[in-house]
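Presented below is the structure to which this report refers.
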Amino acid sequence: MIMAEPVARNDSGASAPVDEEVLVKRARGGDLEAYDELVQRYQERIYATVYHMTSNHEDANDLAQESFIKAFQALKSFKGGSSFYTWLYRIAVNKTINFLKQRKNRIHMSLNDLDFNTEHDPDLVAFISDKTPRREASLSELQDKLNAALMKLSEPHRLVVVLHDVQGLSHEEIAKVMDCNIGTVRSRLFYARQQLQAWLSDYLKPT
Amino acid sequence: MNENQSNFEPLRRLLAFKRHETPPPGYFNNFSRQVMAGIRAGETGAEAEWSGRLLASMPWLLKLLQSFETKPVFAGGFATALCALLLFGAVMEQRPEFAAQAMLQPPPAQPQQVAPLASATVTALAEPVSQMMLAENSTNPVINFQNASSDSFGQMPVSAQFASFPIGN
């Protein structure tokens, strides 16, 4: 299973806004079944965002669950000015950033395994064999390096990279989630990419 | 921006590698269940918090409940007394004539048992006032100040004597 593909517009609320609206309305009235449906709809994306921010499965599990619980408790304050998933993302992102600030300088990576598709992804295999300085470099080593480089970024810069380059959110969506303007998102993304490029230069030889 | 995008293309492809990091198989099967359990636990926690506050505000209730735990006999006795009370209530309810009579009948007049000194004082004070109220009509003053003043000074006769102080021999 490939997790957190670039946001599929089908289930982000665009194709079935009525369904989501109904579910949110029912959940606001205390209907746990409706909220369960909402959780199942967004659990993978919320988990993935938190996981890529923390590089730790256990932390991501706790934070993602707490985010959903907090969202349910705060559902009465959801006015519907933005889509539910943007609001949910904001809760998860704020919770994660607060957690990371408290845990500053105590980074402990607990990475998930790579899925079966990794070794069969021709794009990725070609990339590794062509671009890595040591062809024997294993996928897990690359995974470690990549995560370590991401963790060196500040939280706002890491968040922009994760949401855009890993999760596939647009600049506009990221601006809504981070509650800032699009220009800020673009400049943060540019700076973060520059930093990552410098740190991962061994793996990124120019074509 | 397009130039920048193309410059970062290898990096973007490398970052796409992150998408292959997945949690253990079946992880998401239980995820929503755990969230729901967390929500229910939170609600239970709120209820527990409420009952905790109640017990804190009534320490006697806490002692009573603790005594039930430590002394089951006490709990049994309490339960028996409660049952007896309920039974009594139920029996009394089935006898409406008794309940109606109890409500309609005035309480039996009980003889006033007042201390002799107090009753005498009350009688002594009440009699002159009642006589006065009956004798005088409502436009007259309640108390006859002339009589009152003479009576009071009559009881204390005033007498004067010359005083003489011998000076020398």
Side-chain angles (χ1 to χ4, degrees), chain A residues 1-6 32 35-40 43-44 47-48 51-52 55 57 60-61 64-66 68-69 72-73 111-118 121 123-124 127-128 131 139 142-143 146-147 150 161-162 164-168 186 189-190 193-194 196-197 200 203-207, chain B residues 1-66 68-69 82 86:
Chain A
M1 178 183 66
I2 293 179
M3 192 175 63
E5 287 277 40
L32 283 177
Y35 193 66
D36 188 51
E37 176 70 30
L38 287 168
V39 172
Q40 286 181 34
Q43 59 188 8
E44 291 185 29
Y47 168 84
Y51 170 75
H52 294 311
S55 293
H57 168 70
N61 177 49
Q65 284 190 22
E66 286 169 19
F68 278 110
I69 292 169
F72 180 77
Q73 289 164 348
L111 302 177
N112 284 328
D113 292 334
L114 298 165
D115 63 22
F116 178 75
N117 294 319
T118 317
D121 184 344
D123 198 29
L124 193 59
F127 177 80
I128 290 170
K131 300 290 189 296
L139 287 171
L142 183 63
Q143 185 189 9
L146 186 55
N147 277 285
L150 274 170
V161 170
V162 165
H164 189 270
D165 289 340
V166 183
Q167 300 278 79
R186 285 193 176 128
L189 187 60
F190 182 76
R193 281 171 171 174
Q194 272 191 324
L196 286 173
Q197 207 164 36
L200 296 166
Y203 296 89
L204 296 167
K205 288 202 169 177
T207 51
Chain B
M1 200 66 183
N2 286 338
E3 194 183 343
N4 292 333
Q5 290 281 355
S6 61
N7 286 343
F8 290 124
E9 194 50 39
L11 177 70
R12 293 190 67 188
R13 286 171 63 195
L14 185 60
L15 284 167
F17 180 75
K18 287 280 290 169
R19 294 176 199 154
H20 291 282
E21 293 178 18
T22 54
Y27 168 73
F28 289 114
N29 296 345
N30 289 324
F31 186 88
S32 69
R33 215 172 299 160
Q34 286 174 345
V35 170
M36 294 303 131
I39 289 170
R40 289 195 184 98
E43 287 170 355
T44 313
E47 284 170 13
E49 199 178 325
W50 178 84
S51 61
R53 278 202 302 270
L54 180 74
L55 289 175
S57 65
M58 289 190 282
W60 60 268
L61 184 63
L62 184 65
K63 280 181 187 171
L64 185 72
L65 293 173
Q66 281 173 346
F68 284 170
E69 286 177 8
L82 207 63
L86 277 169

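Protein chains get the first letters and strands the later ones, always in sequence-line order, with residue 1 at the start of each. All of these numbers come straight from a predicted model, not from anything done at the bench.
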For A/Val162, is it the side chain, the backbone, both, or neither that has a heavy atom closer than 4.5 Å to a heavy atom of chain B?
neither

Between B/Phe31 and A/Phe68, how do the two ring planes meet: parallel, tilted or perpendicular, split at 30° and 60°?
perpendicular

Determine whether A/Phe72 and B/Val35 satisfy the following criterion, side chain to side chain contact (heavy atoms under 4.5 Å, CB included), listing intermediate values before the conclusion.
CA-CA 10 Å; A/Phe72 180 77; B/Val35 170; over 6 Å; no

Strictly distance-based, threshold 3.5 Å: is any side-chain N or O of A/Gln197 a donor or acceptor partner for the main-chain N or O of B/Leu11?
no

A/Leu146, part contacting chain B, at a heavy-atom distance under 4.5 Å
side chain

Could you measure the distance from the CG atom of A/Leu32 to the CE atom of B/Met36? Nearest 0.5 Å is fine.
6.0 Å

CA sep, side-chain torsions, deciding dist, call: A/Asn61, B/Tyr27, side chain to side chain contact (heavy atoms under 4.5 Å, CB included)
CA-CA 10 Å; A/Asn61 177 49; B/Tyr27 168 73; 2.6 Å; yes

State, to 0.1 Å, how close A/Gln194 and B/Phe8 come at their nearest heavy-atom pair, and which atoms those are.
N-CE2, 3.8 Å

If you round to the nearest 0.5 Å, how far is CG of A/Asp165 from CZ of B/Arg19?
8.0 Å

Under 4.5 Å from any heavy atom of chain B, what part of A/Glu37 do you find: side chain, backbone, both or neither?
neither

First locate atom CD of B/Gln34, then atom CD1 of A/Ile69, and finally report the distance between them rounded to the nearest 0.5 Å.
9.5 Å

Apply side chain to side chain contact (heavy atoms under 4.5 Å, CB included) to residues A/Leu150 and B/Lys18 and explain how you reach the verdict.
CA-CA 11 Å; A/Leu150 274 170; B/Lys18 287 280 290 169; 3.7 Å; yes

State, without any angle test, whether A/Asn147 and B/Glu21 hold a side-chain donor-acceptor pair at a distance under 3.5 Å.
yes

From B/Leu15 atom CG to A/His164 atom NE2, the distance as rounded to the nearest 0.5 Å
11.0 Å

Taking every heavy atom of A/His57 against every heavy atom of B/Pro24, the minimum-distance pair comes out as CE1-CD, 3.8 Å

